[in-house]
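Both ligands and their constituent atoms are indexed starting at 1 by order of listing.
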Amino acid sequence: MIIAIDGFSSTGKSSVARELAKHFNITHIDSGAMYRAITLYGIRNFYDPISKTINTKQLIQNLNQIILKFEYNPNTSTNEIFIGEENVEKEIRTHIVSQNVSVIAQLPEVRNYLVKQQQMLGKTGDVIMDGRDIGTVVFPNATFKFFITASEQERVNRRYLEISPTNLTREQIKENLRQRDKHDVEREDSPLKKADDAILIDNSSLNKQQTIDLIIDYIEKNNSF
Ligand code: CDP
C-alpha cells in the first residue's frame with residue numbers, strides 16, 4: 001500500500017502522515033525533509049554570504065556526496081533524517097532553510113536525485129509519503145492520494161504555533177509561505193498540483209485529529225487490500 005499526501009505548506013501534512021503511519025503500522029517518509037536536508041548541505045558548504053544564495057552549480061556537482069537516510073526514533077515516533085551519520089532533523093526546520101528550500105527544490109537535478117530515492121523507499125514495503133509531487137510524479141499509481149489545503153490565515157497560525165517560541169513575526173512567516181507557494185506552484189519541473197485522482201481536503205476548519213479521522217475513514221471504506 002502506498003499513500004500519497006500532497007498539499008500546501010503548513011496544512012499539517014507531515015504530522016497527519018506521521019499519525020496515519022502509526023495507525024496503519026507503515027513507514028512514513030517526509031519528502032520535504034529530503035529537500036530541506038539538501039538545502040542545509042548547500043547552506044553549509046556552498047553559501048555565498050554576499051548574494052545570500054546557495055551556489056547551485058557547485059551543489060549540483062556535489063549532489064552524489066550527499067547521502068541521506070531516515071532512522072526511526074521511537075521516543076518521538078518520527079522517522080528522522082540524517083546526512084551521513086549526522087541527525088539533522090532539527091536543523092532542517094530553521095528559517096534559513098525554509099527561506100532557501102523552494103529555490104533548491106526547483107532544480108531538476110535535485111528533483112531527479114531525490115525522486116529516485118523516494119521511489120526506492122516505496123519498494124521496501126508499505127509507505128505513506130507526504131510532499132508536493134508524490135501523487136503526480138513520485139507514485140502516480142499510489143493506492144490512495146490526498147491533497148490537503150487550508151486558508152492562508154490558518155496556515156500562518158499553524159506555522160507560528162509550530163515554531164513558537166520564535167523571534168519571527170506572523171508577517172515574516174506569511175511572507176515565507178507565500179514565497180514558497182509561488183515557487184512550488186509555478187516551477188516547471190513537478191509543480192505543486194492536485195493529481196486528478198486525489199481526494200481534496202480543505203482542513204481550514206478541521207483540527208489535526210479530524211483530518212486524520214477523515215482520511216482513515218476514507219481508506220477503511222475503500223481498501224480492498
Ligand atoms: O513542512 P512544510 O510545509 O514547510 O514544507 P516541507 O514539506 O518541509 O517542504 C519544504 C519545501 O520542499 C517545499 O516548500 C517545496 O519547495 C519542497 N518540496 C518539493 O518540492 N517536493 C516535495 N515532494 C516536498 C517538498
request  = Using heavy atoms and a cut-off under 4.0 Å, could you grab the residues that are in contact with ligand 1, chain by chain, numbers ascending?
outcome  = Ser9, Ser10, Lys13, Ser31, Gly32, Tyr35, Arg36, Val101, Ser102, Ala105, Arg111, Gly131, Arg132, Asp133, Ile134, Arg159, Arg180, Asp184, Arg187

task = Can you label the angle between the Phe46 ring and the Tyr41 ring as parallel, tilted or perpendicular, going by 30° and 60°?
result = tilted

Charged N-O contact under 4.0 Å between [X] and [Y]:
X	Y	answer
Arg155	Glu152	no
Glu86	Arg44	yes
Arg111	Glu109	no

query = Taking the six-membered ring of Phe147, is the NZ or CZ of Lys194 close enough (under 6.0 Å from the centre) and on axis enough (within 45°)?
reply = no

key: Derivation and outcome, salt bridge (Lys or Arg N to Asp or Glu O under 4.0 Å), residues Arg159 and Glu162   = CA-CA 5 Å; Arg159 179 51 51 109; Glu162 183 187 324; 3.5 Å; yes

